[in-house]
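Notes for the one structure printed next.
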Amino acid sequence: MQAYFRDAVGTDLPALGALLRGSGTADCGPDASGSGSYRDALTEIDRTDGNYVLVAEYDRQIVAVLQLVAYRQLHERGGRTARIVLLRVADEFRTSGVAGMLVDHAVGRARDLGCRRVQVACGTDRNDEHSFWERAGFVHLDRGYARPID
């Protein structure tokens, strides 16, 4: 499979909307971005330093999307860290290897940004996801917490 990796642009919104809603890679037309929430989010992400939406394109279709956030940490070892906060792959491309290639592309971007590590959160009951991240070279950490904000 020969996929092309790049930053998302506004014209990708219909395909991104379909992918994020679980509709696969179908072209949903010009109004697929719904109420503008995807457009607003992409605009804000584009304006935020260290925040990127990366896509995998195959045969002129968006088949995967990943959001990468890079930030500086305040501690004596310092350095920058990146976090993958979203990875979604069209159902028909789940076993194609495109997700791993997109993750590798994101890790390369993080390296170019001076990051020393890339982190990702994964649910404890998602064994398929754990296997994917371990195959992609990530090391499992035992503890982590999240606090919802009402």
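Numbering starts at 1 and runs along the sequence shown. Heavy-atom basis, side chains included; hydrogens, waters and symmetry copies ignored.
Here the straight-line distance linking atom NE2 of H140 with atom CZ of F138 works out to 13.5 Å at 0.5 Å rounding. Expressed to the nearest 0.5 Å, how far NE2 of H130 lies from CZ of R135 amounts to 12.5 Å. If you take CD1 on I62 and CZ on R6, they are separated by 4.5 Å, rounding to the nearest 0.5 Å. Taking CZ of R80 as the start and CZ of R117 as the end, the distance is 12.0 Å to the nearest 0.5 Å. Rounding to the nearest 0.5 Å gives a distance of 8.0 Å between CE of M101 and CD of Q2. Put simply, CG on D7 and CG on D46 are 8.0 Å apart, with the number rounded to the nearest 0.5 Å.
Checked against the 6.0 Å centroid criterion, the rings of Y4 and Y58 do not qualify as a close aromatic pair.
Here the side chains of V55 and L16 are in contact, with some heavy-atom distance below 4.5 Å. Contact check for F5 versus L66: no side-chain heavy atoms found under the 4.5 Å cut-off. In this structure the side chain of E57 never reaches within 4.5 angstrom of the side chain of V63, judged on heavy atoms.
Of all heavy-atom pairs between A99 and V89, the closest is CB-CG2, 3.6 Å. The heavy-atom pair separating V103 from A136 by the smallest distance is CG1-CB, 4.4 Å.
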For this session: Under the side-chain contact (heavy atoms from CB on, under 4.5 Å) rule, what do W133 and L87 come out as? Steps first, then yes or no, please.
Result: CA-CA 11 Å; W133 291 112; L87 175 60; 3.8 Å; yes
Exercise. Where do L42 and V53 land on the side-chain contact (heavy atoms from CB on, under 4.5 Å) test, with the steps shown first?
Worked result: CA-CA 8 Å; L42 187 59; V53 175; 4.0 Å; yes
Problem set entry | Pair R83-V120, side-chain contact (heavy atoms from CB on, under 4.5 Å): steps then yes or no | CA-CA 6 Å; R83 181 174 295 269; V120 65; over 6 Å; no
For this session: Give the C-alpha distance, both sets of side-chain angles, the deciding distance and a yes or no for side-chain contact (heavy atoms from CB on, under 4.5 Å) between Q119 and T81.
Result: CA-CA 8 Å; Q119 300 173 334; T81 294; 3.8 Å; yes
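Residues V69 and V118 do not share a hydrophobic cluster, defined by chaining ILVMFWY side chains whose heavy atoms lie under 4.5 Å apart. L113 and Y71 fall into different hydrophobic clusters, where Ile, Leu, Val, Met, Phe, Trp and Tyr residues are linked whenever their side-chain heavy atoms come under 4.5 Å apart, directly or through other members. Linking ILVMFWY side-chain heavy atoms closer than 4.5 Å, directly or via other members, places I45 and V85 in two distinct hydrophobic clusters.
Looking at D12, its side chain does come within 3.5 Å of a backbone N or O of V9 through a donor-acceptor pair. Checked by atom type and distance alone, the side chain of R88 pairs as donor or acceptor with a backbone atom of L20 at under 3.5 Å.
A salt bridge links D91 to R94: one of the charged nitrogens lies within less than 4.0 Å of a carboxylate oxygen. Salt bridge absent: R72 and D49 never bring a charged side-chain N and a carboxylate O closer than 4.0 Å.
Judged by a 6.0 Å distance limit and a 45° cone about the ring axis, R109 is positioned over the six-membered ring of Y52.
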